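Computed from a prediction, not measured in an experiment: that's the story for all the values here. Ligands are counted one by one from 1 in listed order, and the atoms in each one are counted from 1 as well. Just the heavy atoms: all of them, side chains too, but no hydrogens, waters or symmetry mates, feed the values below.
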Amino acid sequence: MCQNHGVAYIKPGVVEVQSIEYPKLAIGDRMCHHGVILQIVSTNICGSDQHMVRGRTTAPAGLVLGHEITGLVIEAGRDVEFVKEGDLVSVPFNIACGRCRNCKVGQTGICLNVNPARPGAAYGYVDMGGWVGGQAEYVMVPYADFNLLKFPDKDQAMAKIRDLTLLSDIFPTGYHGAVTAGVGPGSIVYVAGAGPVGLACAASCHLLGAAVVIVGDMIPERLEQAKSFGCEIVDLRKDTPLADQIAEIIGVPEVDCAVDCVGFEARGHGSDAGTERPATVLNAIMSVTRAGGALGIPGLYVTGDPGAADDAAKEGSLSIRIGLGWAKSHSFYTGQCPVMKYHRQLMNAILYDKIQIAKAVNVEVISLDKAPKGYQDFDKGAAKKFVIDPHGMIPN
Ligand SMILES: NC(=O)c1ccc[n+]([C@@H]2O[C@H](COP(=O)([O-])OP(=O)(O)OC[C@H]3O[C@@H](n4cnc5c(N)ncnc54)[C@H](O)[C@@H]3O)[C@@H](O)[C@H]2O)c1
Ligand SMILES: [Zn+2]
Ligand SMILES: [Zn+2]
């Protein structure tokens, strides 16, 4: 029997590398003939994982984490027709059946058949269907023909694996935030958050032709990272209000579009920058975006937050100034990114050198046993995207 090890959530602040079951081509006690088993080549730590590890969700102890998976197919089920053993593939973090009405129109983030509790599923995530996560050596991927993106050339892909590993989540997610905010040639954009998603979004805004990309955060190293590839920055610890800081850059206190790459653990601005204020980003992007503009909201908001400061927020109810957004006819785009809508195009953007996404988000490769340290460093605000290399396959 093959061995497997994975990163498990133990309790708030603690993850552990444990011996876990080697995956089977099965869903519960039913065979999963449409699935494959992957030997994982790279698997990334995400800000979304941090919500669970900080104890801000109802994630159960023992949950094997990891939804950003790239791997080699080592076994394919009987009904897998087009993916073959030996293929190097990117796995969208959304698990999707390819058969329901949402999948059929490309809404793979809210597939109706992969999670009995609600639409949408992911590997290794609370409330997302109970699928085993992929911060591990091996993982099972269902509906393989539909879900997987095969890289055209393995050697070429391994040479760019630091970039391609970001196709499973944050590159498409950041890009989706920009697209849904209406970013295009000449746009002036505000991106809230300079974590990996915010940085991927900012790089995507450049790819889409934005004229000015202004990134806001309160962590100086992350803002420096945004500056390193041509973004303007606003430091939200300053007393100068966001709109005034924007006016100092572009002459007016208003942008064409904005993207929330922060989510419900947002902190306040100015003297409140050390305090959690979950509605801050949503209210800020409504106030600085022009009337008629669109707001991309990939930042995550939850239906249950045991760690919230008040009872309303514990149920995901926040003090959003919806009247302002309504008065300005804003469009709001929320939800999980449907990765499959974008991953092939973004793969080509990487392979043909149209974007340096690993450099933009500052990828650092670590071994599986260093994952707990990676979680700690990321939680402290390291300006890095940690990529776990469980089999030592990633070239230097
Ligand atoms: N929709 C999706 O499909 C999807 C996919 C991946 C991640 N996400 C979500 O995107 C968000 C960002 O992910 P990440 O990995 O970059 O996380 P992260 O925690 O590393 O980054 C969040 C950043 O926001 C900053 N921040 C806090 N309050 C702020 C404020 N008021 N204004 C501006 N910045 C502020 C923090 O300092 C931090 O740098 C998370 O909520 C994550 O769950 C969503
Ligand atoms: Zn993720
Ligand atoms: Zn479906």
Side-chain angles (χ1 to χ4, degrees), residues 43-52 54 56-57 65-69 92-105 107-115 119-125 143 146-147 166 168-174 176-177 180 190-201 215-223 225-226 234-237 242 259-270 272-285 296-302 333-339 361 378-386:
T43 169
N44 322 324
I45 300 175
C46 183
S48 299
D49 299 322
Q50 293 288 4
H51 301 308
M52 294 187 281
R54 291 192 195 111
R56 298 302 299 273
T57 69
L65 302 169
H67 57 268
E68 302 192 4
I69 307 163
F93 78 84
N94 328 100
I95 299 171
C97 74
R99 303 162 186 196
C100 71
R101 62 181 290 182
N102 287 344
C103 283
K104 283 179 181 177
V105 295
Q107 300 266 37
T108 53
I110 40 173
C111 172
L112 300 173
N113 291 329
V114 283
N115 179 355
Y123 306 86
Y125 211 87
Y143 306 104
F146 184 64
N147 283 301
L166 305 173
S168 56
D169 182 351
I170 64 158
F171 187 16
T173 294
H176 175 67
T180 53
Y190 172 61
V191 177
V197 172
L199 295 170
C201 178
V215 178
D217 203 300
M218 43 280 284
I219 301 177
E221 294 78 14
R222 290 187 165 192
L223 289 172
Q225 185 61 29
V234 292
D235 185 338
L236 296 164
R237 294 171 305 173
L242 171 62
V259 191
D260 172 355
C261 298
V262 181
F264 74 105
E265 290 191 70
R267 281 170 289 147
H269 293 172
D272 260 0
T275 313
E276 206 170 285
R277 298 270 184 257
T280 295
V281 175
L282 295 171
N283 288 328
I285 59 178
I297 311 179
L300 188 107
Y301 291 87
V302 288
Y333 290 87
T334 59
Q336 305 283 359
C337 167
V339 167
V361 305
F378 189 36
D379 186 44
K380 284 184 208 141
K384 286 181 179 158
K385 173 75 176 174
F386 290 103

Checklist entry - Tyr333 and His176: aromatic ring centres closer than 6.0 Å? => result no
Item to check | Candidate with minimal heavy-atom separation from atom 18 (P) of ligand 1, of Arg222, Gln50, His176 | outcome: Arg222
Checklist outcome for this item: for atom 22 (C) of ligand 1, nearest protein heavy atom and its distance come out as Cys261 O, 4.0 Å
Next on the checklist: Test of understanding: with side chain to side chain contact (heavy atoms under 4.5 Å, CB included), list the residues that count as partners of Asn283, not counting sequence neighbours.
Outcome noted: Ala279, Met286, Ile320, Arg321
Checklist entry - Which bit of Cys337 gets closer than 4.0 Å to ligand 1, counting heavy atoms only: side chain, backbone, both or neither? => result both
Item to check | Phe264, portion touching ligand 1 at heavy-atom distance under 4.0 Å | outcome: neither
Checklist entry - Between His51 and ligand 1, which residue portion shows a heavy-atom distance shorter than 4.0 Å: side chain, backbone, both, or neither? => result side chain
Checklist entry - Taking all atoms of both residues into account, what is the closest heavy-atom pair of Pro172 and Val339, and its distance? => result CG-CG1, 3.9 Å
Checklist entry - Where is the nearest protein heavy atom to atom 15 (O) of ligand 1: which residue, which atom, and how far? => result Gly47 N, 3.0 Å
Next on the checklist: Can you name the atoms of ligand 1, numbered from 1 with element, that are less than 4.0 Å from a heavy atom of Phe378?
Outcome noted: 15 (O), 20 (O)
Next on the checklist: At under 4.0 Å between heavy atoms, is it the side chain or the backbone of His269 that contacts ligand 1, or both, or neither?
Outcome noted: side chain
Item to check | Under 4.0 Å to a heavy atom of Gly335 - the qualifying atoms of ligand 1, by number | outcome: 1 (N)
Checklist entry - Quick one: do the Tyr125 and Asn115 side chains pair a donor with an acceptor below 3.5 Å? => result no
Next on the checklist: Tell me the contacting part of Arg277 for ligand 1: side chain, backbone, both, or neither, using a 4.0 Å heavy-atom threshold, strictly below.
Outcome noted: neither
Checklist outcome for this item: At under 4.0 Å between heavy atoms, what of Asp217 touches ligand 1? The answer is both
Next on the checklist: Side chain, backbone, both or neither: which applies to Val262 and ligand 1 if a contact is any heavy-atom pair less than 4.0 Å apart?
Outcome noted: both
Next on the checklist: For the metal site, I want the angle between atom SG of Cys111 and atom SG of Cys103 with the Zn ion (ligand 3) at the apex, to 10°.
Outcome noted: 110°
Next on the checklist: Please check: side-chain N/O of Lys385 versus main-chain N/O of Ile45, any donor-acceptor pairing under 3.5 Å?
Outcome noted: yes
Next on the checklist: Counting only heavy atoms closer than 4.0 Å, does ligand 1 sit against the backbone of Val197, its side chain, both, or neither?
Outcome noted: both
Checklist entry - Where's the contact between Ile170 and ligand 1, heavy-atom distance under 4.0 Å: side chain, backbone, both or neither? => result neither
Checklist entry - Under 4.0 Å between a Lys/Arg side-chain N and an Asp/Glu carboxylate O for Arg277 and Asp272? => result yes
Checklist entry - Should Ile170 and Asn44 count as side-chain neighbours, where that means a heavy-atom distance under 4.5 Å? => result no
Item to check | Closest protein heavy atom (residue, atom, distance) for atom 28 (N) of ligand 1 | outcome: Arg267 N, 2.9 Å
Checklist entry - Quick check: does any side chain N or O of Asp379 sit under 3.5 Å from a backbone N or O of Gln50, one acting as donor and the other as acceptor? => result no
Checklist outcome for this item: Listing protein N, O or S under 2.8 Å around the Zn ion (ligand 2) gives Cys46 SG, His67 NE2, Glu68 OE2, Asp169 OD2
Checklist entry - Do side-chain atoms of Asn102 reach the backbone of Gly109 as a donor and acceptor pair under 3.5 angstrom? => result no
Checklist entry - Side chain, backbone, both or neither: which part of Asp169 comes within less than 4.0 Å of ligand 1 when only heavy atoms are counted? => result side chain
Checklist entry - Got the closest protein heavy atom to atom 33 (C) of ligand 1, with its distance? => result Leu236 CD1, 3.2 Å
